[in-house]
Amino acid sequence: MKKSARKAIIAGNWKMNKTATEAAQLIDELIPAVAGADCEVVICTPFTSLVTAVEKTKGTNIHVGAENVHFEKSGAFTGEISADMLVDLGVEYVITGHSERRQYFAETDETVNKRTKAALEAGLKVIVCVGESLAQREQGVTEELVRMQTKIALQGVTAEEMSRVIIAYEPVWAIGTGRTATADQAQEVCVAIRKVIGELYGEVVAEATTVQYGGSMNAKNADELLGKLDVDGGLIGGASLKAPDFGAIVAAASK
Ligand code: PEP
């Protein structure tokens, strides 16, 4: 399958930014900025802005995602949010395994797998994040590490469910640092991820799966990164909070 036959997805990860009131203002700016997109556009907002985001994006080309989900369906898990709760709000996407969750909230490959499966079971589309630290890149274990994270995250996920899975390659050293992987580095690891998906599910699924790059992607470097054959879009942090920048990245993915 050609790159052009895969779905390019540009997803914003707002992290812990924007009150619901501020989110409404940003969405008002984003709607015209991405209206002409020829790719899927997603905004992943804090839980507190999801209702606003779903309401305000109705009838637009913007899809809404959450930044995390718990793996249990309900029960004594104070402070957590289930996949059914997200679906009930009209949320379509969720991020699992973001490196900030792994780093600050003790997220493991096993819990990423449990969250991914719970989200898929509820009907959500899942952006699964994988990526190496700077030390791991310097130790030369990037490919092994990313292969392992991908394999564990996808344990028990069926080939049919893979149509709702997006893998985001996010080198930890490039997230929020202003330091971007080169386009060649991004391509190399995205190829490795596609290869492991091929080993697990076969060529057809591997070729159809959207593999994004994330890590300081911005209006300036998006063209080069997204020009690579196996980079099917981006997960965007900082630049997703500025409508003109996010619009420029979406435009680069629409070429
Ligand atoms: C992210 O939060 O997933 C991310 C890639 O952040 P940034 O674009 O700010 O590096």
Side-chain angles (χ1 to χ4, degrees), residues 8-18 22-23 26 30 33-34 39-47 49-50 53 63-69 93-105 107 109 112 115-116 119 125-134 136-137 142 145-146 149-150 153 165-183 185-187 189-190 193 210-226 228 230-253:
I9 303 177
I10 297 296
N13 172 22
W14 288 13
K15 312 192 192 217
M16 195 174 74
N17 291 297
K18 305 291 174 190
E22 292 164 346
L26 177 55
L30 285 171
V34 304
C39 65
E40 180 109 329
V41 180
V42 183
I43 54 171
C44 298
T45 81
F47 291 130
S49 293
L50 288 172
H63 302 257
V64 175
E67 299 175 14
N68 187 28
V69 63
Y93 283 83
V94 67
I95 300 171
T96 61
H98 193 279
S99 65
E100 287 153 15
R101 302 237 27 114
R102 293 179 192 257
Q103 192 178 344
Y104 304 128
F105 302 100
E107 193 81 71
D109 289 330
V112 173
R115 290 176 208 276
T116 301
K125 296 169 189 157
V126 187
I127 301 174
V128 182
C129 301
V130 297
E132 82 288 3
S133 66
L134 186 57
Q136 288 161 336
R137 175 158 282 268
T142 296
L145 194 276
V146 166
Q149 289 178 330
T150 306
V165 171
I166 297 103
I167 308 286
Y169 166 52
E170 296 217 306
V172 179
W173 47 271
I175 298 177
T177 59
R179 195 176 157 188
T180 319
T182 65
Q185 286 172 327
Q187 164 70 11
V189 183
C190 289
I193 291 168
T210 299
V211 181
Q212 301 174 315
Y213 167 78
S216 298
M217 193 187 280
N218 58 41
K220 286 204 179 90
N221 60 27
D223 249 336
E224 198 186 345
L225 287 160
L226 296 170
K228 289 291 176 183
D230 286 273
V231 179
D232 306 318
L235 184 56
I236 324 295
S240 70
L241 297 169
K242 296 179 202 116
D245 294 27
F246 194 64
I249 298 169
V250 166

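First listed ligand is number 1; within each ligand, the first listed atom is number 1. One is the number of the first residue; the rest follow in order along the sequence.
With a 4.0 Å heavy-atom cut-off, ligand 1 is reached by no atom of Ala168. In Asn13, the part holding a heavy atom less than 4.0 Å from any atom of ligand 1 is the side chain.
Every atom of ligand 1 with a heavy atom of Ser216 under 4.0 Å away is listed here by number and element: 7 (P), 8 (O), 10 (O). Contact atoms of ligand 1 toward Gly238: 7 (P), 8 (O), 9 (O) (distance under 4.0 Å to a heavy atom of the residue). Heavy-atom contacts of Gly176 reach the following atoms of ligand 1: 7 (P), 9 (O), 10 (O) (cutoff under 4.0 Å). The atoms of ligand 1 that sit less than 4.0 Å from any heavy atom of Leu235 are 3 (O), 5 (C). Taking every non-hydrogen atom of Ala174 and a distance limit under 4.0 Å, the qualifying atoms of ligand 1 come out as 10 (O). Each of the atoms 5 (C) of ligand 1 lies under 4.0 Å from some heavy atom of Gly214.
Counting protein heavy atoms only, atom 1 (C) of ligand 1 is closest to His98 NE2, 3.2 Å. The single protein non-hydrogen atom nearest to atom 4 (C) of ligand 1 is Gly237 N, 3.5 Å, given as residue, atom name and distance. Looking from atom 5 (C) of ligand 1 to the surrounding protein, the closest heavy atom is Glu170 OE2, 3.1 Å.
The distance from the NE2 atom of His98 to the CD1 atom of Ile95 is 6.0 Å, given to the nearest 0.5 Å.
The two residues Ser240 and Leu26 make their nearest non-hydrogen contact at O-CD2, 4.1 Å. When all heavy atoms of Ile9 and Gln212 are compared, the pair lying nearest together is O-NE2, 2.9 Å.
By the 4.5 Å heavy-atom criterion applied to side chains, Leu134 and Val172 are not counted as neighbours.
The backbone N or O of Ala174 sits nowhere less than 3.5 Å from a side-chain atom of Arg179 that would complete a donor-acceptor pair. Asn221 contributes a side-chain N or O that, together with a main-chain N or O of Asn218, makes up a donor-acceptor pair within less than 3.5 Å.
Donor-acceptor pairing under 3.5 Å is recorded for the side chains of Tyr169 and Glu132.
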*Under the side-chain contact (heavy atoms from CB on, under 4.5 Å) criterion, do Lys228 and Thr182 qualify, and how do the steps go?*
CA-CA 11 Å; Lys228 289 291 176 183; Thr182 65; over 6 Å; no
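Judged by the shortest distance from any of its heavy atoms, Gly215 lies inside the 4.0 Å radius around the atoms of ligand 1.
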